[in-house]
Number of protein chains: 2
Amino acid sequence: MREKLEKYYSFVFEKELIDEIVQVGVYKKLRENEILVDLGDKMKGIPLLLEGAIKIVREDKNGEEILLYFLERGDTCASSFASAISNGRCGIRATAEKESEIIFLPKEKLDEWMLKYKSWRTFVIESYNIRLNEMMETIDSLAFMNMSERLYKYLTDKAQIMRETSLNTTHQDIAYDMHTSRVVISRLLKQLENEGKIKLHRNKIEILEF
Amino acid sequence: MREKLEKYYSFVFEKELIDEIVQVGVYKKLRENEILVDLGDKMKGIPLLLEGAIKIVREDKNGEEILLYFLERGDTCASSFASAISNGRCGIRATAEKESEIIFLPKEKLDEWMLKYKSWRTFVIESYNIRLNEMMETIDSLAFMNMSERLYKYLTDKAQIMRETSLNTTHQDIAYDMHTSRVVISRLLKQLENEGKIKLHRNKIEILEF
DNA sequence: ATTATTTTGTGATTATCATCACATAATTTA
DNA sequence: TAAATTATGTGATGATAATCACAAAATAAT
């Protein structure tokens with residue numbers, strides 16, 4: 001745990017803070033598709049992502065989903081932070097897109113570290129900023145782009161997060177993430193394939209052009 | 001200045017912090033439609049809203065807009081905070097929807113106060129949370145609602161923020177905020193009027209049902 | 001190997017919204 | 001007051017995406 005923590009966080013956190021995190025943090029391995037945070041959960045702490053990829057989705061009352069953004073190593077879930085600090089409920093669902101490793105930090109420390117470590121304050125503020133910006137990008141996509149552009153962005157973004165040039169996914173799964181229907185996705189994918197941007201296989205999409 | 005500050009912030013900030021704000025804060029009055037923050041601005045501080053209403057919009061490269069949310073008294077602009085702290089550029093435009101009063105806080109103090117005042121830490125985190133939640137609501141609207149529902153939500157939200165039951169606005173202005181066309185808005189407004197939810201006048205929309 | 005299930009492909013139809021074109025009404029300006 | 005400007009109303013048409021219905025291909029289960 002310390003090893004990976006130092007690998008990805010030594011440029012972010014002071015040594016003393018890393019020591020504290022090792023002491024109080026709880027290491028956890030998530031298997032693919034495991035739910036880390038669910039709608040309405042009260043967070044008793046926040047997760048630091050050491051390895052892997054986490055999908056953050058929003059759900060409406062009818063159970064329909066829309067992807068907000070992905071987290072990758074070095075990220076934390078700002079929504080959890082919010083929920084943990086204010087004892088409120090989380091408005092999102094976080095699912096491991098692939099096997100992932102996290103460190104769970106108890107909420108008691110969150111404010112304490114704000115006083116003790118400048119690097120922690122910076123990290124928290126930075127995390128919020130990154131998340132606000134991701135949300136703005138999501139809003140941009142929804143407001144300004146058509147389905148085909150959104151789809152292509154989805155594919156390239158996800159490939160980047162997953163550190164793969166091929167995605168193992170079905171058309172239906174993409175449709176869920178983008179809150180549309182499988183038929184629409186299938187047709188647009190075929191179109192992107194004809195444009196030479198991707199190559200389609202069963203359960204797999206190769207991205208040829210980034 | 002102190003008077004209004006105490007009126008809206010005495011339950012939020014410690015007395016000593018209010019004293020400091022009075023000392024270093026710069027009071028400013030904004031006239032209607034004045035731009036407080038523009039796209040690409042580097043923020044030298046953050047605004048605390050004392051009175052009035054501020055509209056936060058996002059713009060894409062083609063100059064097309066979409067409303068993100070409104071600020072009202074007691075709010076601050078989390079995006080500015082982000083930009084001020086990180087010396088980055090602001091990704092939004094903030095415009096006074098009506099005459100407003102703000103206190104501008106210099107960025108040098110922002111981190112200092114994090115150490116000194118628990119109430120400041122709470123305020124900053126709370127502000128980010130509120131903004132994240134507003135963004136999620138905006139995403140919900142875009143992803144899950146049709147134009148008519150979005151429009152009705154826009155009208156009632158704005159009325160609430162403006163503390164009025166009538167809005168002085170044109171169909172075109174609404175269309176800009178919602179990133180659609182005037183024709184669409186006119187037709188949907190007429191429909192809402194037929195449903196008895198609003199009453200239309202020239203340059204004015206009365207909201208009959210909240 | 002046969003059957004069942006999952007995944008993808010595709011035509012047809014409909015709904016929503018975008019866009020064009022122009023009319024009419026209210027208000028301002030000259 | 002006449003002309004110009006601004007705001008709103010409305011028909012027609014087109015584009016995008018949603019939905020239905022079903023076929024075909026690939027894979028998994030028995």
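Below, chains carry the letters A, B, ... as their sequence lines are ordered, and counting in each starts from 1.
- Against DNA chain C, the stretch residues 141-150 of chain A makes no heavy-atom approach under 4.0 Å.
- Shown here are the side chain to side chain donor-acceptor pair (under 3.5 Å) partners of A:Arg89, two or more places apart in sequence or in another chain: there are none.
- At distances below 3.5 Å, at least one donor-acceptor pair connects side-chain atoms of A:Thr156 with backbone N or O atoms of A:Tyr152.
- Annotation: the terminal axes of the helix from C:dA1-D:dT30 to C:dA30-D:dT1 meet at 30°, where each axis is the rotation carrying the C1' atoms of four end pairs onto the next four (5 pairs per end, rounded to 10°).
- By the side chain to side chain contact (heavy atoms under 4.5 Å, CB included) test, A:Asp38 is found to be paired with A:Ile35, A:Asp41, A:Arg93, residues two or more places apart in sequence or in another chain being considered.
- Classification of A:Lys55 and A:Glu97 as a salt-bridged pair holds, one side-chain N sitting under 4.0 Å from a carboxylate O.
- Judged by distance alone, the side chains of B:Asn33 and B:Lys98 never bring a donor and an acceptor atom under 3.5 Å apart.
- We find that CG of B:Leu151 is positioned 15 Å from C1' of C:dT16, with the value rounded to whole Å.
- B:Gln191 has its CD atom 15 Å from the C1' atom of D:dG9, to the nearest Å.
- Distance A:Leu200 CG to C:dT8 P: 9 Å, rounded to the nearest Å.
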- Could you walk me through whether B:Glu72 and B:Arg163 pass salt bridge (charged side-chain N to carboxylate O under 4.0 Å, His left out), step by step? CA-CA 10 Å; B:Glu72 56 188 327; B:Arg163 295 160 199 279; 3.2 Å; yes

Between the protein and nucleotides 10-12 of chain C, which nitrogen or oxygen pairs come in under 3.5 angstrom?
| unit_1 | atom_1 | unit_2 | atom_2 | d |
| --- | --- | --- | --- | --- |
| C:dG11 | N7 | A:Arg187 | NH2 | 2.5 |
| C:dG11 | O6 | A:Arg187 | NH2 | 3.0 |
| C:dA12 | N6 | A:Arg187 | NH1 | 3.4 |

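- Residue pairs meeting the salt bridge (charged side-chain N to carboxylate O under 4.0 Å, His left out) criterion with at least one partner in residues 123-150 of chain A, sequence neighbours excluded, are A:Asp75-A:Arg131, A:Arg131-A:Glu134, A:Glu137-A:Lys153, A:Asp140-B:Arg58.
- A:Tyr128 and B:Asn129 form a side-chain donor-acceptor contact under 3.5 Å, judged by distance and modelled atom types alone.
- The stretch residues 165-180 of chain B comes close to DNA chain C through B:Thr180, each having a heavy atom under 4.0 Å from the strand.
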Distances under 3.5 Å only, N/O to N/O: pair up the protein atoms with those of nucleotides 24-27 of chain D.
| unit_1 | atom_1 | unit_2 | atom_2 | d |
| --- | --- | --- | --- | --- |
| D:dA26 | N3 | A:Arg202 | NH2 | 3.4 |

Distance-only criterion, 3.5 Å: show the donor-acceptor pairs between side-chain atoms of residues 45-52 of chain A and protein atoms not counting sequence neighbours.
| unit_1 | atom_1 | unit_2 | atom_2 | d |
| --- | --- | --- | --- | --- |
| A:Glu51 | OE1 | A:Tyr8 | OH | 3.2 |
| A:Glu51 | OE2 | A:Tyr8 | OH | 3.4 |
| A:Glu51 | OE2 | A:Arg73 | NH1 | 2.8 |

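- Salt-bridge formation is not detected for the pair B:Glu193/B:Lys197: no Lys NZ or Arg NE/NH1/NH2 atom is positioned less than 4.0 Å from an Asp or Glu carboxylate oxygen.
- Atom CD1 of B:Ile185 is separated from atom C1' of D:dA7 by 14 Å (rounded to the nearest Å).
- Remark: A:Glu206 engages A:His201 in a side chain to side chain donor-acceptor pair (under 3.5 Å) (not counting sequence neighbours).
- With rounding to whole Å, B:Asn194 atom CG is found 12 Å from D:dG9 atom C1'.
- By the 4.0 Å N-to-carboxylate-O rule, A:Lys7 lies too far from A:Glu3 to be salt-bridged with it.
- The side chain to side chain donor-acceptor pair (under 3.5 Å) search around B:Gln172 returns none, not counting sequence neighbours.
- A:Phe70 is linked by a ring-ring contact (aromatic ring centres under 6.0 Å, His included) to nothing, counting only residues two or more places apart in sequence or in another chain.
- Ion pairing between A:Lys28 and A:Glu34 holds under the 4.0 Å rule for side-chain N and carboxylate O.
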